[in-house]
Amino acid sequence: MPDYVPHTPEDISSMLDFLGLSSTAELFAAIPASIQLSRSLEIDAGISEADLSFELAEIGARNSSVGAPGSGLVCFAGGGAYDHEVPAVTRALAGRSEFVTAYTPYQPEVAQGVLQALFEYQSFIGRITGLPIANSSLYDGSAALVEAVNLAVAEKHCQRVVISRGVHPNWREVLATFAAGTGHQLELAELPTGATDWSSIDASSPAGAVVVGYPNFLGCLEDLAEARIFADRVGALLVVCQDPVTAGILKSPAEWGADIVIGEAQAFGTALSFGGPYLGFFACRSELVRRLPGRLVGETLDLSGRRAYVTTLRAREQDIRREKASSNVCTNETLMAVTTAIQLGWLGTVGLREVGLSSARAAHYARTVLTKIAGVELVTTAPPLREFALRLPIPANEVVEALIGEGFLAGISLAEGFEGTEYEGALLLAFTERRTRQEIDNFAAALARVVTK
Amino acid sequence: MPDYVPHTPEDISSMLDFLGLSSTAELFAAIPASIQLSRSLEIDAGISEADLSFELAEIGARNSSVGAPGSGLVCFAGGGAYDHEVPAVTRALAGRSEFVTAYTPYQPEVAQGVLQALFEYQSFIGRITGLPIANSSLYDGSAALVEAVNLAVAEKHCQRVVISRGVHPNWREVLATFAAGTGHQLELAELPTGATDWSSIDASSPAGAVVVGYPNFLGCLEDLAEARIFADRVGALLVVCQDPVTAGILKSPAEWGADIVIGEAQAFGTALSFGGPYLGFFACRSELVRRLPGRLVGETLDLSGRRAYVTTLRAREQDIRREKASSNVCTNETLMAVTTAIQLGWLGTVGLREVGLSSARAAHYARTVLTKIAGVELVTTAPPLREFALRLPIPANEVVEALIGEGFLAGISLAEGFEGTEYEGALLLAFTERRTRQEIDNFAAALARVVTK
Amino acid sequence: MSAPLMGDASEPTLFEFSSPGRRAFSLRTTDLPDVPMDALVPRPHQRGEPLEIVEVSERDLVGHFTRLAHRQYSVDLGAYPLGSCTMKYNPKICDEAASLRAFAGVHPATPPSAAQGWLQVLVELEEMLCEITGMAAATLQPAAGAAGELTGLLLMRAYHAAKGDHRTRVIIPDSAHGTNPASVTLGGYEVTTIGSDERGCVDVAQLREVLGPDVAGIMLTNPNTLGLFEEDIVEIAAMVHAAGGLLYYDGANLNPILGVVRPGDMGFDIVHMNLHKTFATPHGGGGPGAGPVAVSQRLVDFLPGPRPVRASGGVGFELVRPPASIGRVHSYFGNSLVLLRAWSYIKLNGAEGLRRVAEIAVLNANWIRASLRDLYDSPYDRPVMHECVLSVASLKRATGLRALDVAKRLLEFGFHSPTVYFPLIVEEALMIEPTETESPETVAALVVALRTIAEEARADALAGVALRAVSSPRTTPVERVDEARAARQLVPTFDASSYHH
Amino acid sequence: MSAPLMGDASEPTLFEFSSPGRRAFSLRTTDLPDVPMDALVPRPHQRGEPLEIVEVSERDLVGHFTRLAHRQYSVDLGAYPLGSCTMKYNPKICDEAASLRAFAGVHPATPPSAAQGWLQVLVELEEMLCEITGMAAATLQPAAGAAGELTGLLLMRAYHAAKGDHRTRVIIPDSAHGTNPASVTLGGYEVTTIGSDERGCVDVAQLREVLGPDVAGIMLTNPNTLGLFEEDIVEIAAMVHAAGGLLYYDGANLNPILGVVRPGDMGFDIVHMNLHKTFATPHGGGGPGAGPVAVSQRLVDFLPGPRPVRASGGVGFELVRPPASIGRVHSYFGNSLVLLRAWSYIKLNGAEGLRRVAEIAVLNANWIRASLRDLYDSPYDRPVMHECVLSVASLKRATGLRALDVAKRLLEFGFHSPTVYFPLIVEEALMIEPTETESPETVAALVVALRTIAEEARADALAGVALRAVSSPRTTPVERVDEARAARQLVPTFDASSYHH
Ligand SMILES: Cc1ncc(COP(=O)(O)O)c(C=O)c1O
Ligand SMILES: Cc1ncc(COP(=O)(O)O)c(C=O)c1O
């Protein structure tokens, strides 16, 4: 087994001598003997790095991964986790050990690298959302949603939260889990066309937050103007869950009047990774900055007058404010934020637009091709963009299982979060700039075979 | 297609303006129009990085690689190129862009990283060979051999070179190729037992160099004492081609009296890479330092008295000495030397010995198992270490082809360089610390099937 | 824009390298029909102005972020003795594990049948963490320690609620990490803070006073943030349980107890772990982490779902929802790649390796304490576990030297600073955690540096000159940073910057 | 041993971190029988004393080499305008290509049937290089430029020998790179040096004089090392060919002619290329490189073998030995992974991309020349190709400033230095090659820095004070290094070091 501890037996005995001890066991004298573990842990003996590699290969072979050039599944699954291009340059830069093995930048004088990268990340998120303030990351889209709702509720002193069913069902579930602690009351707005219908919600009593996706989980473009009107009517802050990949082609949520824009930024350089680590982004209007959850990096000067960066307005944070903090978040997803800054630098203005456009173009083509298959039809009527849900002649989960054998991850079979709605059992497909015409044609052929079998 | 050139059209026209030019074509005015290329190069249009990845995957699938955990061929081929363990830490450190994208350390003040790593590499090679001087790398084992012979010939003013057939046949061929320029006369000493028989060589006329492998290409331990005696008899320098992986268990060539020790150090952290880039190492006695080929790093001080490193005794080199230089080498294999320093640091004293021992142990076990197969026998009688050659009932090249289908790279089928000897058509097998009992047993079973078919 | 490197100029932002028309990206050839914008996006949704983010070449992108990396300290560069952060060396093999396509390339919506490898890793990791902590089951979903805390508190809440027991308060010692009280609030409880006694441990008498039928539980860090083991833990556990409360173990710093003592055996009901500390996941400059929560048998049914488990049939793995699950606490299964690293780390070390981690981490910390207690105050002067808290209080009175100055001056010696001003109950605190991966030589060099700083301060004070440490650091990429200015004139994005060039 | 980082202490050698009993390695479990040493190695061959190399922990290994990396300039950190070295930015995708198992994991003795992917890459690269140079065929075996030169000279020798033509001399201009004459010697020829004329080009009259039946050929660099295109090349080629000689093209610096003009069309018979310059293989701190040699039709039969070619059957690829092959010049097929990078780079750029490389490389160089020629001497005052050679001669006379000082002072501005004192025919030469990957902004900043240095020198000289540049660099990891001492008191290994701690 490898040994990552440098101490030789001689080192240990001379250090123990210095401490006046005769064995390492004595180091634990403060621990009552009654509770000390009197046996070894029942964990296998350590193995060598080489043996671990073989074990990883063996276990990994039991997974079906997507997107590898020339092997793996062709990916049509999305729902907040997308198969976008990650270039070698992003991997190389984000993988630098200075970024990977640093701690939270508590000593700014030796952490300008991470701090400046986070400052640039915040600047990118500001532009993408259209808002002036962005924090330096949260765990994932669901965590960003929870924090957004907490902020809105605190700001508006009202625990009623109206949320569109078009927000990611897992995120809605996380929100509900945490609402058990905060006591927020959640109310669901339905999606008759695929887009949210606010009219059926009681607008006479106030709400703290109104939450909507853009595009939403079913891939539909929501009318945010209506959402804004509804939020104003109930006196709530408008929280928009944005798919940031569409920012290059869509009007920004801020332009539509959003107060808080959050979302999942995995799409910008982070691997699919079976769901994590991902990256929750969070942006808001300036007035809300003192309630901002998580870390915020600001520009300043050093004593010699040079530009420098530092985490700022820390009085919001838990290590200072403790039980009165705006959030309990401490460790966040800094490395993913740095990755995103690099990836957005790589994409640039033109690339970001191109990725949005190409994804939409692929979805458009696929809609045309796939809905030609007998019994396959779109379940929504609201305008789609780069994702859409299909009704199939046989249950979507069976289709997904069957198509894995054909080399496709067909999409997400809608179930949890859509129980009892017309969307239950539909197949949600997502498109990125990596999907080719050939892949879509092959997929259509395979799907046709499976649904007509 | 990607564009690695940052200049925008506006940049170009303003720069042209400044130069008083109106088009980039005018930049080439000094080139006679008659020879300027009047068409585009017939090279395909550029492709995107993503497309390249797919193309690489497609082409790569036509190769059979070895040694990957859980896939690829199990490797029993050696002959200067070995499947040794390369840990993640070596890859991570040697892959750092400061090492990868630096030039030759011409400005020592900003090249201490590469210079110190090379100094440490030289120190390692000094210990492994047992000699006090080592250069900072040559192209590969064959280049090191050529340089060693050139040095010996120059030192002894005698162009006769006696070389054992037990030196890598490809290296011998390279030596012969270059001898067309230098005019050295090469004479081959035979391997009756697998080890060299110097007695049949005319010892009455002088020679510049006597060259022998340790262990030699057939895996046999040469009696270097005899080689030393023979070299003394003909007044030559003794050049030993060392397998450095065996250094932890064998007496050093210097202890046996070698004047120059060279070899291939791919085994220390460099990938098999279809034969390159590899790493030729070169060490010699102190008196020979002024004829040393290639770069030498020395320790010194900076103006403030701090320890520093710099390339030294540069007057030997081609950029200063031109046609009188000790060698023409300029660009060498620095990155592989840095890799080797890292890998040897990882192995350390115990690991280096362990690798040598384990390799020998695997070979020992395999010899026992494989020679039990009917018609399979060892072709040498001299003591073997971690490689050995087998005579098989059917031609070795057919066996190699057949066993690829069974998941093994069976070894090297001896042909070139052994024409007309008893070794022609034998199979040379090599063992490293990565070969397990299970792999050897499986291989034996497969070999038995193939040779008895 | 030039590219300053060896010089001491600061690095421009990426935005300042931007020039219209430059590009780094290239994408797959898709051969898709070129549909016009209007057919893809209804007019009202189309952007008016193009979204300008940046336009740089790949070359400038690489230069910029490589230079930024050279302005960043990290474990790979040197010792990082930040107390409570466990900045140990992280084996590179774990980075490689996390970059394997077979794991990193798996979409979270992949059906369990096609993600058996992942489920195996998650289940095995859960089992190993339960063995390490002495608990019955665990959720791997929480993405960091604080998320684990909140999850734990929601489990506590669900447990009491299921019994119809409405409790409103959670007890926390004053030495606790800030995330504890913040999580308690989000868990819907009120914080009751209790003090530490003269030993630096929970004041048992005070605890007895505040315990009552409205107490849902207590959150303890053990060893606590002073690096001290709560010796009365068995008694405390009995008291809290007797009062109907649950015991929550903040296991952010599990390093010193690996294979030595287990929270479950101490009587705890809920334990969160920071895999990004103890289990050698690099910290990424502030994340990602992973904060699994392990629980005793009575809480298992409340765990978040979906939960990877061994298949009921005996072969393979499946996802289930515990019967009284509090629900999801993460979009998917947690920070899976971090979990894979931790799994790898435990596999590499094995039982003996983990115990060795604990022993050496504690040995290093005690050696440091013993080597510095003549020059720095040692407020609770007892042997410590994995970290020691010293105080600059006396030195400050004598010379004016503050903990902050020590931290800044230490940077000039090539070390990262310890944690300062935490725990809050120690004046001018320096919280030093060497970890087990720093050699005796490195630990000794750190001691020498800290001794030098104290002695310099004494000499300067004696000589009546300004303390050297107050103007440090000077050899770092920037000098001491003006934090007040950052807050006063908030510049949170490049667009808000006043430094347009 | 401490681990100095931000401070300015130097980094100890790895050996100084060594302590008996420490280890970093771990190996596969093999389950092989534990045979005693005597059964493995005959006694006389067994080592007496154990071979001590070093004993360090993985943590110290990583810290050490990471800190060394932080003491190293590189293209990824900034501009590297070393003339004749073409230090352009190297796309990261090429690094990934070279690390693919499907290529990097292939043993060189793999039979061609199982290495078809590799052979395809090699054959396609050969074809592309031939199209770029206008030649008939190429060998990819030489591991660097100098190896290519020697290979080319042996081809020249074999060609003449096959005709029974014994020639003894090779002509080289005085501006040639040092490898040229050194290779000529190793090729068994005598060097005849010819001068450059006032234009900086080959002195055609002198050439005519030295040509004769004993001349095997001429080696030319075009553009030459002054960055100038040899305008008389067509005439020169005719002259040399008429005398029965061959023309060798030193194509180390192919950057400026990509898609613009081809050595074959100029009349050359042999061309070597430095793929590690033009084709964006990172230089690795001094290698590996690759120096393929392309030849005209009459030399094809002499090329080294084994040679990857399209299979005679039409499908796939095979290895052949050219009928009159000079033999191998490398252990295997050359620096294959470097060749794969070059193949990738050409595929990425395509024909237009390569031409764009040439145009911008030349544009940048001329812009620099034009921006500096008022302050620095421009010895041959003509437009240049991819690099320009300036001289500090006048400044030296006026102020004492030497090319070396300019180089050292420039480091403080965050740039690498240009090549200095080469070519030898220019006094106090600065040879500046910006390459096409540096933006106009970076190139402008370089010019500003070089102008500042000249102006500082003038100001200092006027003020009668010591030149600032003479004591530079000070902001680098070490100050100016004592090169004389290194040669005088040779310390080539740690064991020879006098700094044992
Ligand atoms: C004792 C203690 N508890 C809780 C935490 C919070 O963990 P995290 O930062 O992962 O949210 C930390 C780490 O900062 C800690 O040290
Ligand atoms: C003009 C010229 N010729 C030849 C060489 C030698 O090439 P290499 O260093 O690859 O041997 C170089 C590079 O240093 C060069 O610039």
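First the proteins, then the strands, lettered A, B, ... as listed; each starts at 1. All values below come from the heavy atoms of this structure, side chains included, with hydrogens, waters and symmetry mates left out.
- At a threshold of 4.5 Å between non-hydrogen side-chain atoms, the residues Phe28(A) and Val261(C) do not count as touching.
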Next on the checklist: For Gln36(A) and Asp265(C): C-alpha separation, side-chain torsions, deciding distance, then whether side chain to side chain donor-acceptor pair (under 3.5 Å) applies.
Outcome noted: CA-CA 8 Å; Gln36(A) 285 203 29; Asp265(C) 299 336; over 6 Å; no

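- In this structure, the portion of Trp171(A) lying under 4.5 Å from any heavy atom of chain C is its side chain and not its backbone.
- Salt bridge Glu55(A)/Lys347(C): present, at least one basic N to carboxylate O contact under 4.0 Å.
- In this structure, chain C has a heavy atom under 4.5 Å from the side chain of Tyr365(A), while its backbone stays farther away.
- There is no contact between Ala176(A) and chain C, counting heavy-atom distances below 4.5 Å.
- Proximity to chain A (any heavy atom under 4.5 Å) is shown, for Leu153(C), by neither the backbone nor the side chain.
- The only option from Leu186(C), Ile326(C), Leu154(C) that meets the side-chain contact (heavy atoms from CB on, under 4.5 Å) definition with Phe178(A) turns out to be Leu154(C).
- For a residue to count as touching a neighbouring chain, one of its non-hydrogen atoms must lie under 4.5 Å from one of that chain's; by this rule Leu352(A) touches chain C with the side chain only.
- Heavy atoms closer than 4.5 Å to chain C are found in both the backbone and the side chain of Ile31(A).
- Side-chain N or O atoms of Ser123(A) include one that pairs as donor or acceptor with a backbone N or O of Phe494(C) at under 3.5 Å.
- Using a distance-only test at 3.5 Å, with no hydrogens or angles considered, a donor-acceptor pair links the side chain of Asn63(A) to the main chain of Trp118(C).
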Checklist entry - Checking side chain to side chain donor-acceptor pair (under 3.5 Å) for the pair Asp83(A)/His107(C): CA distance, chi angles, key distance, verdict? => result CA-CA 8 Å; Asp83(A) 177 34; His107(C) 192 283; over 6 Å; no

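- You'll find the side chain of Pro277(A) reaches within 4.5 Å of the side chain of Leu337(C), heavy atoms only.
- Between the side chain of Lys251(A) and the backbone N or O of Gly48(C), no donor-acceptor pair lies under 3.5 Å.
- At least one donor-acceptor pair under 3.5 Å links the side chain of Thr300(A) to the backbone N or O of Asp482(C).
- Under the 6.0 Å cut-off for aromatic ring centres, Phe15(C) and Phe124(A) qualify, their centroids lying closer than that.
- Using a 4.5 Å heavy-atom cutoff, the side chains of Val100(A) and Ser74(C) are not in contact.
- Both the backbone and the side chain of Ile249(A) come within less than 4.5 Å of a heavy atom in chain C.
- Counting heavy atoms from C-beta outward, Tyr332(C) and Tyr278(A) have side chains that approach closer than 4.5 Å.
- Interatomic distance, Ile12(A) CD1 to Glu359(C) CD, rounded to the nearest 0.5 Å: 7.5 Å.
- Leu354(C) touches chain A through its side chain: at least one heavy atom from C-beta onward sits under 4.5 Å away, while N, CA, C and O do not.
- Residue contact with chain C, scored on non-hydrogen atoms closer than 4.5 Å, involves the backbone and the side chain of Arg127(A) alike.
- Of the atoms belonging to Arg321(A), not a single heavy atom falls under 4.5 Å from chain C.
- For the residue pair Arg71(C) and Gln116(A), no side-chain donor N or O sits within less than 3.5 Å of a side-chain acceptor on the partner.
- Most heavy-atom pairs under 4.5 Å with chain C, from the set Gly67(A), Ser40(A), Gly126(A): that is Gly67(A).
- Across Leu296(A), Val355(A), Val350(A), the residue that shares the most heavy-atom pairs under 4.5 angstrom with chain C is Val350(A).
- Proximity of the aromatic rings of Phe274(A) and Phe103(C) is defined here by a centroid distance below 6.0 angstrom, and this criterion is not met.
- For Ser137(A), no part sits under 4.5 Å from any heavy atom of chain C, backbone or side chain.
- Side-chain N or O atoms of Glu120(A) include one that pairs as donor or acceptor with a backbone N or O of Leu14(C) at under 3.5 Å.
- Looking at Ala111(A), both its backbone and its side chain come within 4.5 Å of chain C, counting heavy atoms on both sides.
- In terms of heavy-atom proximity, Ala407(C) sits nearest to Gln107(A) at CB-NE2, 3.7 Å.
- With hydrogens and angles ignored, the 3.5 Å screen pairs a side-chain donor or acceptor of Arg47(C) with a backbone N or O of Ala247(A).
- Residue Arg353(A) touches chain C through its side chain alone, counting heavy-atom pairs closer than 4.5 Å.
- Between Asp302(A) and Arg480(C), none of the side-chain N atoms (NZ, or NE/NH1/NH2) sits under 4.0 Å from a carboxylate O, so this pair counts as no salt bridge.
- By the 4.5 Å heavy-atom criterion applied to side chains, His283(C) and Thr104(A) are counted as neighbours.
- Heavy-atom distances place no part of Pro87(A) under 4.5 Å from chain C, backbone and side chain included.
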Next on the checklist: Using side chain to side chain donor-acceptor pair (under 3.5 Å), reason through Ser331(C) and Asn170(A) one step at a time and then give a plain yes or no.
Outcome noted: CA-CA 5 Å; Ser331(C) 299; Asn170(A) 296 2; over 6 Å; no

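- Arg306(A) places no side-chain N or O within donor-acceptor distance of the main-chain N or O of Ser10(C), the cut-off being under 3.5 Å.
- Leu93(A) touches chain C through its side chain: at least one heavy atom from C-beta onward sits under 4.5 Å away, while N, CA, C and O do not.
- Between the side chain of Ser65(A) and the backbone N or O of Val106(C), no donor-acceptor pair lies under 3.5 Å.
- A donor-acceptor pair under 3.5 Å links the side-chain atoms of Thr177(A) to the main chain of Arg328(C), judged by distance alone.
- Of the two parts of Leu56(A), the backbone and the side chain both hold a non-hydrogen atom closer than 4.5 Å to a non-hydrogen atom of chain C.
- With hydrogens and angles disregarded, a donor-acceptor distance shorter than 3.5 Å links the side chain of Thr312(A) to the backbone of Ala487(C).
- Between chain A and the options Arg101(C), Glu55(C), Glu52(C), heavy-atom pairs under 4.5 Å are most frequent for Arg101(C).
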